[in-house]
Amino acid sequence: MKKGLIALSPLGVFIILYLVTSIIAGDFYKVPITVAFMIASIYAIVVHGGRPLKERINIFSQGAGTSQMMLMLWIFVLAGAFANSAKVMGAIDATVNLALTFLPSQMLLAGLFLAACFISLSIGTSVGTIVALTPIAAGIASQTGTSVAMMTAVIVGGSFFGDNLSFISDTTIMATSTQGCKMSDKFRVNSFIVIPAALLLLAVYVVLGADIHSPQHIASVEYVKVIPYLVVLVTAILGMNVMAVLTLGILLTGLIGIIDGTYDIFGWFQAMGDGILGMGELIIITMMAGGLLEMVKQQGGIDFIIQRLTRHIQSKRGAEFSIAALVSLVNMCTANNTVAILTVGGIAKQIGDRFGVDNRKCASILDTFSCCVQGIIPYGAQLLMASGLAQLNPISILPYLYYPLVIGIAALLAIVLRYPRRYS
C-alpha cells in the first residue's frame with residue numbers, strides 16, 4: 001500500500017500543484033502546465049530510490065523518447081504546420097463562408113452547428129473552430145436578436161464533434177496511439193455512438209431556430225481554398241497514413257496559397273514554422289508526461305492503480321466504467337483532454353487487456369468522455385476562448401452546452417447496453 005502510494009505520488013504532485021495553484025491564482029491557465037509537469041518530473045526522479053541518479057534520468061528519458069512517443073510528436077509537428085499554413089492561406093475563412101452561404105433560411109442554429117461540425121472534423125481542433133466561428137456567431141446573434149450565449153454554445157458543441165472524431169485531432173492521435181489501434185477503426189466505433197447523438201441535437205436546433213433568419217450579407221466563397229480541408233478529410237477516411245495525409249494537406253495549402261498570391265514560398269515557410277512552434281507546449285507536455293509515467297510504471301504505480309481500480313470489477317462493463325471515470329477525473333483536474341488521455345492511456349490499456357475490452361472501444365471511451373468533460377468545464381481552453389471572443393462570462397454559456405452532455409449520455413448508454421455490439 002505504502003509503496004504503491006509513493007510510486008503514484010509524482011502524479012499526485014502534478015495534479016495537486018496544478019489544481020491548487022490554479023485555484024489560488026483564480027485562473028486555470030495562469031499556471032503553465034509545463035511548469036507543473038517539470039516539477040512533478042523532477043520529484044519523480046528524486047523519489048525513484050534504489051538506483052543511481054544517472055540511471056533514473058535514463059529511465060525517464062526512455063519513457064519520453066519511445067518510438068510511439070516520437071511518432072506522436074511527428075504528427076503534432078505536421079498537424080501544426082498544416083493547420084497554420086491553411087489558416088494563413090485563407091482556407092478557414094473560405095470554409096466558413098461556404099458553410100454560411102448554403103445555410104437554409106430559418107435554420108441558422110442547425111446550420112451553424114453543422115458548420116462547426118464540418119470545420120472541426122476537417123481541421124481537427126475545437127479551439128481553431130471556435131476562433132473561426134465564434135465572432136461570426138456572436139455577430140449573427142446580435143443582428144437577429146438571438147441569445148449570444150446560445151449561439152456561442154452551438155459553436156462550442158459542434159467544435160467538439162470534430163475534436164472527438166477527426167483523424168488529425170490530438171485527442172484521436174493520443175487515444176489510438178495509447179491503445180494501439182487504427183484511427184479509422186476508432187472513428188467507426190465513435191461514429192456509432194456520437195453521430196446519432198449529433199443528429200438528435202441537430203433536430204433540436206432545427207426546432208429552436210425555426211424563427212431565426214439568416215444574415216443578408218455573406219462574403220463570396222473562394223472555393224479553391226476549401227480543397228485542402230476536403231482532401232485531408234477524404235484521404236483520412238479512406239485510410240491513408242495520417243502523416244501522408246498531413247503532408248499532402250501541407251503541399252496543397254502551399255501550392256494554392258502561392259498560386260493565389262496569398263503568400264510567396266517564404267511566407268508559406270513562415271506560416272508552417274509558426275504552426276510548428278504553436279505545437280511546442282503540447283510536444284513538451286507529451287515528452288515530460290511520457291517520462292513521468294515511465295517512472296511511475298517502473299515503481300509499480302500503474303499496477304497499484306489497476307489493482308485498486310479493478311478490485312470490484314467483474315466484467316467488461318465494469319472495466320469500461322472504470323476507464324471512463326479515470327479519464328474524466330484526470331480531465332477535470334488538468335483542464336486538458338489531450339493531457340488526460342495521455343496520462344491515463346497506458347493504465348486504460350492494461351485494464352482493457354485484463355478484462356478483454358476491445359482496444360477500439362477503449363480508445364473511443366477515452367476520447368468521448370474526455371471531450372464530454374472538457375466541453376462542460378468553465379475553465380477549459382475552449383470555453384475561455386469562446387467566452388472571450390463573444391465577450392461573455394463562461395458560466396453563462398454552460399446552460400446551452402447540449403452537445404457535450406448528449407455525447408456523455410450516449411457514451412454511458414453505450415457501456416450499459418454493450419453498444420456497438422461488434423466492438424463490445
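Counting begins at 1 with the first residue of the sequence. Excluded from the calculations below are hydrogen atoms, water molecules and symmetry mates; all remaining heavy atoms, backbone and side chain alike, are included.
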Determine, step by step, whether F76 and I173 satisfy the side chain to side chain contact (heavy atoms under 4.5 Å, CB included) criterion, reporting the C-alpha distance in whole Å, the side-chain angles of both residues, the deciding distance to 0.1 Å, and the verdict.
CA-CA 9 Å; F76 290 155; I173 295 165; 4.3 Å; yes
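- Here the shortest heavy-atom pairing between V47 and S9 reads CG2-OG, 4.4 Å.
- Put simply, the side chain of Q179 gets close to the backbone of G345: a donor and an acceptor are under 3.5 Å apart.
- By the neighbour-count criterion of 12 heavy atoms within 6.0 Å, atom NZ of K349 is densely surrounded, having more than that number from other residues, nucleotides or ligands.
- Within the 3.5 Å criterion, the main-chain N or O of M174 finds no donor-acceptor partner in the side chain of S177.
- Side chain of S364 to main chain of R360: no donor-acceptor pair is present (N/O by atom type, distance under 3.5 Å, no hydrogens or angles).
- Evaluated for a side chain to side chain contact (heavy atoms under 4.5 Å, CB included) with L401, the options V154, V406, V156 yield exactly one hit, V156.
- Although no hydrogens or angles enter the test, the distance criterion places no donor-acceptor pair under 3.5 Å between the side chain of R317 and the main chain of R418.
- Judged by distance alone, with hydrogens and angles left aside, the side-chain atoms of Y419 form a donor-acceptor pair with the main-chain N or O of F192 at under 3.5 Å.
- Put simply, the side chain of L383 does not reach to within 4.5 Å of the side chain of I377, judged on heavy atoms.
- Remark: the T171 side chain and the D367 side chain contain an N/O donor-acceptor pair separated by less than 3.5 Å.
- In this structure, a donor-acceptor pair under 3.5 Å is absent between the side chains of E294 and Q62.
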Candidate pair L114 and F161, rule side chain to side chain contact (heavy atoms under 4.5 Å, CB included), full reasoning
CA-CA 10 Å; L114 281 175; F161 178 85; over 6 Å; no
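- In this structure, the side chain of K225 engages the main chain of M89 through a donor-acceptor pair within 3.5 Å.
- Among N331, D163, N164, D170, the one residue that satisfies the side chain to side chain donor-acceptor pair (under 3.5 Å) test with N337 is D163.
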In sequence, state the C-alpha distance, the side-chain angles, and the governing distance for Q299 and L8, and then conclude on side chain to side chain contact (heavy atoms under 4.5 Å, CB included).
CA-CA 8 Å; Q299 288 283 75; L8 285 174; over 6 Å; no
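- Of the possible polar contacts, one joining the S120 side chain to the G162 backbone as a donor-acceptor pair under 3.5 Å is found.
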